[in-house]
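Okay, so here's the structure we're looking at.
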Amino acid sequence: MLLMKNVQKSFRTELVETHALRDFNLQVKDGDFVSVTGPSGSGKTTFLNIAGLLETYTSGQYFLDGQDVSALTDRQRSRLRNEKIGFIFQSFNLIPDLNLYDNVDVPLRYRGFGTAERHQRITQSLERVGLANRMKHLPSQLSGGQQQRVAIARALAGEPRFLLADEPTGNLDSQMAQSVMALLKEINRQGTTIVMVTHDPELASQTARTVIVKDGRICSSDLPDPIPAVSNQ
Amino acid sequence: MSQLEIGPILRALLRNKVGALLIALQMAVTMTIIVNAVFIITERAALMQRESGLDEDNTFYLTSTGFGANFESRRVISEDLDLIRNTPGVVDAVQINAIPISGGGWSMSLTTEPGDDVEDVGTANYLVDDHALTTLNANLIAGEPFTASEVRWRARNQPDWPDTAIITRALANSLFPDTPWQETVGKTIYIGDDEPVIIKGIIEKLQAPWIGWENLEHAMLSPERMDTVSARYLIRTEPGDLNTMMATLEATLSDRYPDRIIRDVTTLTDTRERSYRHHSAMIKILSLVMVLLVVITAMGIVGLASFNVNRRRKQIGTRRALGASKAAIIRYFLLENWLISTAGIALGVILTVGLNMALIEWFSVRPLDWYYLPAGIIVFWIIGQLAALGPALKAAKVPPAVATRTI
Amino acid sequence: MFSYYLRLALQSLRRNPYLSSLMTLAIALGIGASMTTLTINYLMSSDPIPHKSKQLYYVQLDNWSPYSAAREPNDPPDQLTWRDATQLMSAAKAYRQSAMASSGAVIESGNPDIKPFLASLRLNFADFFPMFDAPFLYGNGWTSNDDDKRVPVIVLSKPINDRLFGGENSVGRYVTIENTQFRVTGVLDNWVLVPRFYDVTTDAFQSVEDVFIPFYFKQTLQLSNGGNTNCWKSPEGEGFEAFLQSECVNFQMWVELPTPADREEYFNYLNAYAEEQKALGRFPRPINNRLSDVMQWMENEKVVADDAQIMMWLAFLFLLVCLLNTVGLLLSKFSTRTSDIALRRAIGASRQAIFTQYILESALVGVLGGLFGLILANVGLIGIRSLYGDFISELATLDFTMISVAILLSILVSILAGSYPAWRACSVPPASQLKNQ
């Protein structure tokens, strides 16, 4: 479970204080497929970064699987990211100098798995996205859709509880986008919780739940506010 | 161990061969120069450490050259020596034909049997009188010193030699390799093929005038004064009195006879400095080259590595997002540098030996001692890691949120 | 268009000041080190008498011991005996010839204000002056007749003439050496020889001697031996004359032989002379005479010190490191600019235009580095001068040739360094970077 209470993120420059997120409250239950949508600059990506432990927040509370993440060291945060979270990025973020096998291998190395286990997981997850026969290829030899599939395979290889997707289809044409979307739905059906940030309402409508963010706040959620009132400590 | 990504790093490096190759080559050539330079420096420094045997800090010499028809060299030399020896502040003085380590002097061949087809041993010859041992700071370790009565006058171009000689231990060992040096006192040696000379004493140490000579430690003292218009006096002073004595004696000796010139008043320290100047110059130049080279190479590695970090910011952010801790990022860049360095060092070892072989072939350089190579390998590993540390730390500071930023 | 590229290059250099200065510094240091050592080697090995160096020959005869060569492996001694020098002179088989020796003596001027002083002497024959193009300020050298008749004549160097006669024309005046009055026949102008090739048996970078007198006065005045005296057996008998008649070598000899045929003929004469001496019981070794021209002789006597050559090769390796360094830095630098290049290509820049732009940037680094390197080379030469001290100052300066070499070398190095990175830059496809990222 992913739980944010009154999370606030502000950037302070010399002149102004900008609020990227304010009083952000959100609960994502295990097995959910939530899409977060909203106009550019609304704070979608900041939300995703905080949820994925890529950024810290200014105030409020965030529990990942019941654990308060605010006091964790860099090493603990990295560990948590590695074990519990899988990322999918808009521009895929595959490492251009590594072949598909080595790309999927990256998070598994940080996990510290043995050679045999890594090999098995890499093969399995590449099979799952249908690219097992192209393991030795470089990312540049693939189409955009295929690259995103590799990225998904990389995110899944460590069997994370949560999959965080940042505009996963933003760089793809609609046909490829649909096939990636279908893959995500399939993954969700098999039990992985997915939070997907997108500005595309059409895509957002395909998920079980949609959250709309505006000016750093949740302005509409198609479910009643799931968070029971809590007193701020 | 699975966190040490040697395999993937190597494969990624092979995709970016040129950059890595440049660093490796640079390290290889740098190592080649530096290991050979350090070797040459150490050799030269060892040469410069050798002692002449003299009390160099308190010894100087000067030359008196007479002219005109009325110049009586024997009288002048005897009176000069009396005057110098009786000057307070002077320990002792001799007339001498050549100055140790100065670059100019006499040498002769010695044999242990008469005849010109016998294996001979070269020696430097010093013509001195009975004050030689104190003046030259020579420690007599066997036999007897010269007595005043056995000192003779050698006329100009007189070719024969006195009957007795004092030689250095090194010369005794070379002449009689099978006899302990203590027992060579009293033995007869032959100078210039067939003229017999009896070894009267052995001194511990005295160097020849030529620092580059293989027989630098071979010296022979003969009891004689030279009857020549130009006479050189070697003077040893009390500690600390050198400068005063140089000025005093130059003035006194000049004033004493108008028909002579006192010249070349020189300390042994200056003589050593001049004789070893090209060695010390080589040491200084090579040291400077080494420092500059290490700086250039290190800055080059820092520059290249920094650029690599900048170029790979997105990749670093992605790795962080995928669970790499800061330590893992640092480890990644250090390991990458270590792999490149190791390739460069491996090539460097080959080039180092190659350059050394070329220097042996073309110049008189000795073969490198084996331990220079492992020492070089370790030093260059350290240099490489230190140079890569800064950029690696910079890489660790790349925030993971870079991964979601779209440029 | 050129000025546009130049402006782009300057802008680009200013954008990364750390990197630009690092590259410039690397090239400057490499050029500085190479030029310093190259200059030293160039001057040490320069031909001191270019128009004649192939016509002047140094004479060597092998009078050495039957048991060992004068120098390994089987080289004749580097000097001659008095007997051989004087006999070759009497035979006078060459177009010009001069045996010579160095010595020293006290000079008195007769003027009570000038204290007697010790001067370095060169003993030579009349041919010495025309043979080596000695420049005269006043008067001339002496004649062969003066040599043969042992007329006490003398040629003064300019500094000595300044010292003795206040720089006036002293031809016809007298100076005293060893109680003998020598008449001045000529005064030399400044004569700088680098190296002082006519006698390199001791230090090749000494200045020319203070005064010159006829060779036979060695015997007349019993002058002391300068330079090295080497004997393979002791003189037979006592006294100065015994030394002169001995097998001790202390004399040099040069001959001028205008054509190869002359050389051939003279060489045959030397061999015949050696045979003659063998018949007299001398020259126990196999005949081993040598005639070396100026540059061969410099090489033989190792006038260019080993150390100078080692340093030069190390400096070239240093330059190689700087070159690799610059290639690496340029490569990284250009690789961060792919989107800029792709954009330029997309809006119509040709491959060649991109290449020109980037190679110009490298060349600019080279020119800056070269100029800075020249300054460093000058500093380096000052340093060398202070470290070695005994080089005369003329040895360690940059001349026009060396400055041109430095500039060319630095441009060459930078273009060499820049061409691969520039080629990589210009092979960026036009549209690759426009799509995303």
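What you see is a predicted model; the values in this text were computed from it and never measured. Quick note on labels: first sequence line is chain A, next is B, and so on, each numbered from 1.
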Fill in: Largest heavy-atom contact set with chain B, pairs under 4.5 Å, which of C:E241, C:E108, C:K115
C:E108

Worksheet entry | Side chain / backbone / both / neither for C:I310 at chain B, heavy atoms under 4.5 Å | both

Worksheet item: Do C:T176 and B:F67 come close enough that some side-chain heavy atom pair is under 4.5 Å?
Response: no

Discussion item. At a 4.5 Å cut-off on heavy atoms, which part of B:L355 comes close to chain C: side chain, backbone, both, or neither?
Written reply: side chain

Discussion item. Are the side chains of B:V302 and C:Y18 in contact, using a 4.5 Å heavy-atom criterion?
Written reply: yes

Worksheet item: If every non-hydrogen atom of B:L304 is compared with every non-hydrogen atom of C:S332, which pair is closest and at what distance?
Response: CD2-OG, 2.6 Å

Item to complete: May I ask you to check whether over 12 heavy atoms, not counting those of C:W423, lie within 6.0 Å of atom CH2?
Response: no

Fill in: Heavy-atom contact with chain B under 4.5 Å, split by part of C:Q222
both

Discussion item. For the CG atom of C:N325 and the CD1 atom of B:I296, what is their distance to the nearest 0.5 Å?
Written reply: 6.0 Å

Discussion item. Just verifying a value: how many Å separate C:N179 CG and B:N70 CG, rounded to the nearest 0.5 Å?
Written reply: 8.5 Å

Item to complete: Measure B:D160 against the heavy atoms of chain C and call it side chain, backbone, both or neither at under 4.5 Å.
Response: side chain

Practice prompt. Below 4.5 Å from any heavy atom of chain C, which atoms of B:I40 appear? Answer side chain, backbone, both or neither.
Written response: side chain

Practice prompt. Please report the shortest heavy-atom distance between C:D307 and B:H278, naming the atom on each side.
Written response: OD2-O, 4.0 Å

Worksheet entry | Atom group of B:L359 that falls short of 4.5 Å from chain C, counting heavy atoms | side chain

Worksheet item: Heavy-atom distance under 4.5 Å to chain C: side chain of B:I261, backbone, both or neither?
Response: side chain

Worksheet item: What residue, out of C:E178, C:Q309, C:M23, has the most heavy-atom pairs lying under 4.5 Å from chain B?
Response: C:Q309

Item to complete: Report, as yes or no, whether the 6.0 Å neighbourhood of atom CH2 on B:W362 holds more than 12 heavy atoms from other residues, nucleotides or ligands.
Response: no

Discussion item. Given heavy-atom pairs under 4.5 angstrom as the criterion, report whether the side chain, backbone, both or neither of B:T30 touches chain C.
Written reply: both

Item to complete: Identify which part of B:V365 has an atom lying under 4.5 Å from any heavy atom of chain C, answering side chain, backbone, both or neither.
Response: side chain

Worksheet item: CG/B:N36 to CH2/C:W313 distance, rounded to the nearest 0.5 angstrom?
Response: 15.0 Å

Item to complete: Taking the side chain as every heavy atom from C-beta outward, state whether C:F318 and B:L292 have any pair of such atoms under 4.5 Å apart.
Response: yes

Item to complete: Using non-hydrogen atoms and a 4.5 Å limit, figure out which bit of C:L314 sits close to chain B: side chain, backbone, both or neither.
Response: both

Discussion item. Looking at chain C, which one of B:M299, B:M108, B:Q158 has the largest number of heavy-atom pairs inside 4.5 Å, strictly under?
Written reply: B:M299

Response to the item:
When the 4.5 angstrom heavy-atom criterion is applied to C:L118 and chain B, the contacting part is both

Worksheet item: Looking at CG of C:L324 and CE of B:M27, how far apart are the two atoms once the value is rounded to the nearest 0.5 Å?
Response: 13.0 Å

Worksheet entry | Contacting moiety of C:A33, where chain B heavy atoms sit under 4.5 Å | neither

Practice prompt. Flag the pair C:V106 / B:F71 as yes when at least one side-chain heavy-atom distance between them is below 4.5 Å, and no otherwise.
Written response: no

Fill in: Pairs of heavy atoms under 4.5 Å with chain B: top-ranked of C:L317, C:N225, C:T229
C:L317

Practice prompt. Pick one of side chain, backbone, both or neither for C:L329, based on which atoms fall under 4.5 Å of a heavy atom in chain B.
Written response: both

Discussion item. Using the side-chain hydrogen bond (donor to acceptor under 3.5 Å, both in side chains) criterion, which residues pair with C:E299? Sequence neighbours excluded.
Written reply: none

Worksheet item: Using non-hydrogen atoms only, which part of C:N16 is less than 4.5 Å away from chain B: side chain, backbone, both, or neither?
Response: side chain

Worksheet item: Would you say C:I384 and B:I285 make side-chain contact, with heavy atoms under 4.5 Å?
Response: yes

Discussion item. Let's test your reading of the structure: which of C:G380, C:G239, C:G104 forms the most heavy-atom pairs below 4.5 Å with chain B?
Written reply: C:G239

Worksheet item: chain C heavy atoms under 4.5 Å from B:L21: which part of the residue, side chain, backbone, both or neither?
Response: neither

Practice prompt. For chain B, find which of C:F117, C:Y420, C:F243 contributes the most heavy-atom pairs closer than 4.5 angstrom.
Written response: C:Y420

Fill in: Per-residue contact mode, C:L19 against chain B (heavy atom under 4.5 angstrom)
side chain

